[in-house]
Protein chains: 2
Amino acid sequence: MDKQKDILNAALKLFTEFGFHGTPTSKIAQEAGVANGTLFHYFKTKDELIVALYVDIKKRLGFCVSKDIQAEDSIKETARKYYIAALHWGIDNETEFRYIQQFLSSPYVSMIPAELVEQSLAMINMIKEGIKQKLIKVTPAEYVMSIISSHLYGVNQYINSQKLSTTKQKQLINESFELVWKMIT
Amino acid sequence: MDKQKDILNAALKLFTEFGFHGTPTSKIAQEAGVANGTLFHYFKTKDELIVALYVDIKKRLGFCVSKDIQAEDSIKETARKYYIAALHWGIDNETEFRYIQQFLSSPYVSMIPAELVEQSLAMINMIKEGIKQKLIKVTPAEYVMSIISSHLYGVNQYINSQKLSTTKQKQLINESFELVWKMIT
DNA sequence: ACATTTGTGGAGTGATTAGTCAATCATAAA
DNA sequence: TTTATGATTGACTAATCACTCCACAAATGT
């Protein structure tokens, strides 16, 4: 009964299928089962909806990847948990994952609110700690972060394009972390 | 004096800056210094222009990465040449690179003409040969290809985001290839 | 010299779109 | 019961957009 959620869901579905360009707000409202005006009651402009959807997805992803992290975990264990949680999330939320990509390579990136940038700071700090402990040999931390993120992205895309069995997926996910870890240490 | 080229250049600039949605064909014509009708003389629809621009860029990239490859090169040498050429191209053609990303994560991907798909076959075959020779330990070839591509993408993005000196860039590029190579062998 | 094709311009058009607005409805506090 | 508040509606509009049309110019062939 939450119309705002309905609108976000409809927007996600249509934007990923037809692009920002190809989906009029009227279609989003229709898909969500609300009136045209209701959409603009919750989101002042179409742009605001586009950005709000990104923020919403990013928050859910952020929550999911950080929920299992424990303070006493080693650097490697922390890294593995982040990595594997993100990969699982990407597989279980293929559309959301595609939306993130689509958004990040669109001009809307520049509209990301400052509050959201802080989130990835935890991971950068973890990498910096790894470098300080001479565990991670590749520097600087931002470079490592960039490599890991894109690797994650590549593996995710591969898993989603091939429709592997759950067993194969699990195996690939674990192996792929070891691959990256070997590369940076 | 080649108006078709002018239109493609203008489209590249505006699409990457304002997105497909945010750039009307009229603005593209204006930026290119041609009349509205001229644009539609060369490209039947806006969609055709969007795809044609992708094909044009991809062809230029394809030419650039394969021009130095020699038949007698070893697998590793071939791989290095591909990798480094692509990276250099990405740095020298930042806008084109961004357009490729933008295009690939948009619904227009499905409009890529069949002729273009063949191009990446050469690289897949090289990887398959590497696997056959037991040089490359990670399988299947498509997975390796996915990993390398996304790594390339990540490094490129990092280099373009930080504005490194040319010396640092060269160093990073060479190191990054060894990093990937170590990972898959 | 003429005919034919090809390129170019830019005003014009019908359709579409983001966003508005005045009016209703639901709920609950006073 | 009254009043107030916010959610919800959908017809409406001003603007924009992709694309057409046709006149004319330049190049090309005969």
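By convention in this document, chain letters (A, B, ...) are assigned in the order of the sequence lines, proteins followed by strands, and residues within each chain are numbered from 1. These numbers come from a predicted model, not from an experiment.
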Visitor: Rounding to an integer number of Å, can you tell me how far A/K5 NZ sits from D/dA7 C1'?
Guide: 18 Å

Visitor: Would you mind reading off the distance between A/F43 atom CZ and C/dT20 atom C1', rounded to a whole angstrom?
Guide: 18 Å

Visitor: Could you check how far NZ of A/K46 sits from P of D/dT16, rounded to whole Å?
Guide: 16 Å

Visitor: Looking only at side chains, do B/T95 and B/T16 share a donor and an acceptor under 3.5 Å apart?
Guide: no

Visitor: Please give, in whole Å, the distance from C/dT17 C1' to B/F20 CZ?
Guide: 20 Å

Visitor: Counting just side-chain N and O atoms, does A/Y42 come under 4.0 Å of either OP1 or OP2 of D/dT8?
Guide: yes

Visitor: Take the protein atom CD1 of B/I7 and the nucleotide atom C1' of C/dG9, then report the distance between them rounded to whole Å.
Guide: 12 Å

Visitor: Rounded to the nearest Å, what distance is computed from the CG atom of residue B/D47 to the P atom of nucleotide D/dC17?
Guide: 16 Å

Visitor: Quick one: is A/K3 getting a side-chain N or O under 4.0 Å of the D/dT9 phosphate, OP1 or OP2?
Guide: yes

Visitor: Look at A/H41 and D/dA7 and indicate whether a side-chain polar atom (N or O) is within less than 4.0 Å of OP1 or OP2.
Guide: yes

Visitor: Between B/G22 and A/A35, which residue's closest nucleotide on DNA chain D lies nearer the 5′ terminus?
Guide: A/A35

Visitor: Grab the CZ-P distance between B/F40 and D/dA18 for me, whole Å please.
Guide: 7 Å

Visitor: Give me the one residue out of B/F103, B/F15, B/F20, B/Y108 that meets ring-ring contact (aromatic ring centres under 6.0 Å, His included) with B/Y54.
Guide: B/F103

Visitor: With a 4.0 Å limit, can you tell me whether B/T38 has a side-chain N or O closer than that to the phosphate oxygens OP1/OP2 of C/dG9?
Guide: yes

Visitor: Does this structure show an ion pair linking A/E115 with A/K59, if we count only N-O contacts that are shorter than 4.0 Å?
Guide: yes

Visitor: Measure from CG on A/L39 to P on C/dT20 and round the result to the nearest Å.
Guide: 12 Å

Visitor: Identify which one of B/I50, B/I57, B/V51 satisfies the side chain to side chain contact (heavy atoms under 4.5 Å, CB included) criterion when paired with B/L53.
Guide: B/I57

